[in-house]
Amino acid sequence: MAMSLLNISGGRASMKRMLLLMLIAGICVSIEVVFGQAAAKGNGTDVSSSSSSRPSVVNIGTLYTYDSVIGRAAGPAIAAAVDDVNSDPTILPGTRLNLISHNTNCSGFLATVEVLQLMVNDVVAVIGPQSSGVAHIISHVVNELHVPLLSFAATDPTLSALQYPYFLRTTQNDYFQMYAIADIVSYFGWREVIPIFVDDDYGRSGISILGDALAMKRAKISYKAALAPGASKSQISDLLLKVNQMESRVYVVHVNPDSGLSLFSIARGLHMTTRGYVWIATDWLPSVVDALEPVDTDTMNILQGVIALRHHTQDTDLKKKFMSKWSSHKNSVGASGFNSYALYAYDTVWLAARALDVFLNEGGNLSYSSDPKLHETNGSAMNLSSMRVFDGGQEFLRTLLRMNFTGLSGQIQFDMDKNLVHPAYDVLNIGGTGSRRIGYWSDSSGLSTVTPEVLYTKPKNTSASSQHLYSVIWPGETSVVPRGWVFPENGKPLRIAVPNRISYVQFVSKDKNPPGVRGYCIDVFEAAINLLQYPVPHIYILHGDGKRNPVYNEIVQAVAEDRYDAAVGDVTIVTNRTKIVDFTQPFMESGLVVVAPVKEVKSSPWAFLKPFTFQMWLVTGAFFLLVGAVVWILEHRINGEFRGSPRKQLMTIFWFSFSTMFFSHRENTVSALGRFVLIIWLFVVLIINSSYTASLTSILTVQQLTSRIEGIDSLAAGNEPIGVQDGSFARNYLIDELNIAESRLVTLKSQEEYSTFLKLGPNRGGVAAVVDELPYIELFLSASDCAFKIVGQEFTKSGWGFAFQRDSPLAVDLSTAVLQLSENGDLQKIRNKWLTHADCSSQVNEIDENHLSLKSFWGLFLICGIACFISLVVFFCNIICQYRRFTPEDGEEAVEDEIQSPRPQRSVCSTSLKKLIDFADRKEAEIKEMIKPKSIDIKRQGNPSSDGHTISSA
């Protein structure tokens, strides 16, 4: 994971350097003695400044507090690791590790003394310290002398900064632990936490990262409760009393293991470990609990329901073997309690040993040289020149960073930020006499009930839907997830702003009786509050002078500026408001509409033409004639009713066509093709007749209202004045979004002004239309006797909600309550109580909607046209077949005539076409009679007689 770790400022580094010089001056005499002894004895190292051979003994130093939770576990583990390395012939053959340990006693001063003493022993690495504060100080020493500092317990994220190149953390970085806590907070839906931490480098840096992690989850730190290192019980008690008076009930405890339990003991005495409280502890708490031998029931009782994070270490055979060895030898080695830091300390020794083995095998030299800067002491008596620089320190550090092996704690490998790969934690729930693992956290998948070893083999997935934990037993022995916040015990009631309206008072208005306000919005809010499972003390504060409607943007801004805690009323949810406050679920749908005067459309003597558009009339008439002509063609040869003089036949076509409109045609169809076409056409006529009748009935019977304003587009395109409600967001919307000139907008303060200005119209000092939200317009129309109507469509979609300050947990709970009101029908009952509507329609009827156009019927006309085309194709194919059977005799005569009197080719074609037309005009019966004798003759010519002669044609 890419990290942005904090760098220590130059000022802090300078102060530490000054402190370091003062400390060095204070221990001058001791150092000189130690230096002299070291030079004389050498501890058997005999490593010269230029030696290149593999040494028989290599010194490794350790710095930690012996008598501490971490030290009591790490000390035996380090000693065991050194013994195991020295007894393993495959690691550092011919070379023995010599462990030089120093006790820091939880003191930065003593730690500085001890590290200087270590440096004169020419150590190749320093293991420790356990304190992040101490690590900050002594990192300056190892940086100067190029000696890697391998810490198994310093978890401060800022130690990974480039300022400390020789610091290498062999445990997990608190950066990841704080992101794990943020995921837990987000998983349970909490929005605010209060961290209680020790005010040193370790505590401050961790909580700083926690704030960043929470911000990514839309949560935050509401208050930072800092404890001084070594704080007394009275100081802890005072701090807990202070945070207990605050709203948040989610506490993150990030303190030192040796003093953390006293905090929980005091919290229990203050009844802060009961139902409703949430306690989340970092890895210090499992370190304490795991080290308890035997289990202390009194200690466990004060930790009931706490969630804690512990470094995740896989249960491998190697780890089980070490645990068995620890249990069997804990008395002999002085171990009083095991925790995960013992595993990291053990692996740190092996990391140094393996890296040193690789370093020596690759030709590295354990050589040391004098630092010229340490000779410039300005005549000081301090023998600083005795401290030498590790020449191969930089190369040894690079070797450490590329190591990759499996230790007791898991895979030992470093990423680009010098952090151990695959960070993971066990999520524990403390209860009874121990702890219960409820899941895991990993950088790959967040919270999960699947082990990190499995998850790291799969693609990364940290989506909210993939986060899972087992059930938790919370303080107070309840499985119900705490809400995470309460109203402060000494807090004031919620200050709720209510618009002091003078119009549309049905929604919200001032009232003489308690609570001082009334209306639809107030009833909805009170009903929602009553559904909450906790009391919400509140007072209503009227906003406005009572002479005109208040500006709602000012109310929302006042909530954002903490002048009010919330705003209840007809407050519209719009984009610019959601940027500064949080709204609940809308309890009323809303949107801007245009209302304008309307007039009734007078009846016309040509009203019977209105059902169809002009195009529809033309196409319908054309199809009447087309179908009549097609039926005449199909029936002409076989139906006597379709024959006669040309005048009679033309009249028949027209009569038959238009008589089908009323299904009163008297001509019978005989041919199958004619009947097929007629059936399709009668179906089309039936649909057209029904549609025409319905549309005409609507036009003649339903009241038709019209307005010259068609909607917001036509209104914005003109230059006539527009009315808007005083204080409404509609004014800014029309100016900013629709670019309507501000000079066109007329502010209207009451419903009476709406009616007056609309009746006057733009020519007499009024307005052409009013733009306002739908709920207001519905109330206005209910009292307007249907003189005004909504024109066009609703051109914005929004709603009314209750406004709260950002990240207020009440907004979430009230949203749920509003949804519950809607589902159980109470919201509609409140609406029916306060809001009434007119019986007449509020929407202007669009006259054009009653005109039936061709687009509604083109499918029918297409079907009818296809039927006519298919019938004509079949008909003419039949005619051509008959004509070919009819023409052989005529063809011979035509040839003889052509021989006797030759004529132009064009004349011959005209004659053939004329014969075809004459043939088609003949009756079907005549054609069949003419074709039948020819068929018989052809048949006789094709069948010879019994004596071998053919039968001649008669």
Side-chain angles (χ1 to χ4, degrees), residues 24 27 30-31 34-49 51 54-64 74-75 78-79 81-83 85-86 91-92 95-104 110-130 134-135 137-152 154 164-168 170 345 348-360 364-371 374 383-400:
I24 293 174
I27 60 173
S30 300
I31 292 179
V34 173
F35 286 169
Q37 294 175 348
K41 296 173 64 176
N43 267 334
T45 58
D46 293 331
V47 179
S48 67
S49 61
S51 175
R54 180 183 285 265
S56 59
V57 177
V58 175
N59 290 334
I60 291 182
T62 62
L63 285 173
Y64 61 94
I78 292 173
V82 172
D83 291 341
V85 169
N86 289 332
I91 299 295
L92 293 174
T95 301
R96 182 177 62 86
L97 290 183
N98 180 45
L99 186 65
I100 304 175
S101 298
H102 286 268
N103 187 359
T104 61
L110 292 179
T112 306
V113 174
E114 302 298 338
V115 73
L116 292 175
Q117 292 178 351
L118 277 176
M119 292 299 106
V120 300
N121 290 286
D122 290 338
V123 295
V124 296
V126 177
I127 297 177
Q130 68 190 59
V134 172
I137 298 174
I138 66 176
S139 288
H140 296 286
V141 177
V142 297
N143 287 351
E144 187 68 26
L145 301 179
H146 297 181
V147 177
L149 181 63
L150 312 179
S151 177
F152 56 87
Y164 307 111
Y166 284 88
F167 176 85
L168 187 60
T170 58
T348 303
V349 175
W350 273 93
L351 171 66
R354 289 176 181 271
L356 185 60
D357 188 41
V358 172
F359 175 75
L360 294 175
N365 294 325
L366 298 182
S367 60
Y368 297 82
S369 60
S370 299
D371 188 349
L374 296 180
N383 190 16
L384 297 180
S385 59
S386 297
M387 289 189 294
R388 298 186 296 173
V389 177
F390 181 17
D391 295 333
Q394 190 172 4
E395 183 61 31
F396 183 47
L397 177 64
R398 285 195 288 265
T399 304
L400 286 166

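All residue numbers in this chain count up from 1 along the given sequence.
- Partners of Arg96 under the salt bridge (Lys or Arg N to Asp or Glu O under 4.0 Å) rule, at least two apart in sequence or in another chain, do not exist in this structure.
- Here the NE2 atom belonging to His146 is positioned 14.5 Å from the CZ atom belonging to Phe396, to the nearest 0.5 angstrom.
- Nearest heavy-atom pair across Gly128 and Leu149 is O-CD1, 3.0 Å.
- Separating the OG1 atom in Thr348 from the CG atom in Leu150 is a distance of 6.5 Å, to the nearest 0.5 Å.
- Proximity of Thr62 to Ile100: side-chain heavy atoms (C-beta onward) are nowhere separated by under 4.5 Å.
- Contact of the Val124 side chain with the Ile60 side chain is registered, since non-hydrogen atoms from C-beta on lie closer than 4.5 Å.
- Between Leu400 and Ala352, the closest heavy-atom pair is CD2-CA, 4.2 Å.
- Remark: the backbone N or O of Ala353 is not paired with any side-chain donor or acceptor of Asp357 at under 3.5 angstrom.
- The closest side-chain heavy-atom distance from Phe359 to Leu366 is below 4.5 Å.
- In this structure, the side chains of Thr95 and Ser56 stay at 4.5 Å or more apart for every pair of heavy atoms.
- For the pair Ile91/Arg354, a side-chain contact is recorded, criterion being any heavy-atom separation below 4.5 Å from C-beta on.
- Legend: residues meeting ring pair (Phe, Tyr, Trp, His ring centres under 6.0 Å) with Phe390, ordered by chain and number and at least two apart, are Tyr368.
- Rounding to the nearest 0.5 Å places CD1 of Ile138 at 10.0 Å from CG of Leu116.
- Distance CG/Leu360 to CG/Leu92: 6.5 Å, rounded to 0.5 Å.
- Here the CG atom belonging to Asp83 is positioned 10.0 Å from the CG atom belonging to Leu97, to the nearest 0.5 angstrom.
- Expressed to the nearest 0.5 Å, how far CZ of Arg388 lies from CG of Asp122 amounts to 4.0 Å.
- With hydrogens and angles disregarded, no donor-acceptor distance shorter than 3.5 Å links the side chain of Asn98 to the backbone of Val58.
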* To do: Apply side chain to side chain contact (heavy atoms under 4.5 Å, CB included) to the pair Leu99 and Ser101, showing each step before the final yes or no.
  => CA-CA 6 Å; Leu99 186 65; Ser101 298; 3.8 Å; yes
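- The closest side-chain heavy-atom distance from Leu63 to Ile127 is not below 4.5 Å.
- Heavy-atom minimum distance, Val123 versus Met119: CG2-CE, 3.7 Å.
- The shortest side-chain heavy-atom distance between Val389 and Glu144 does not fall under the 4.5 Å cut-off.
- Side-chain contact check for Val147 versus Tyr166: every heavy-atom pair is 4.5 Å or farther apart.
- Residues Gly393 and Pro148 approach most closely at O-CG, 4.3 Å, considering heavy atoms.
- Ring geometry for Phe152 versus Tyr64: interplanar angle over 60°, hence perpendicular rather than tilted (30 to 60°).
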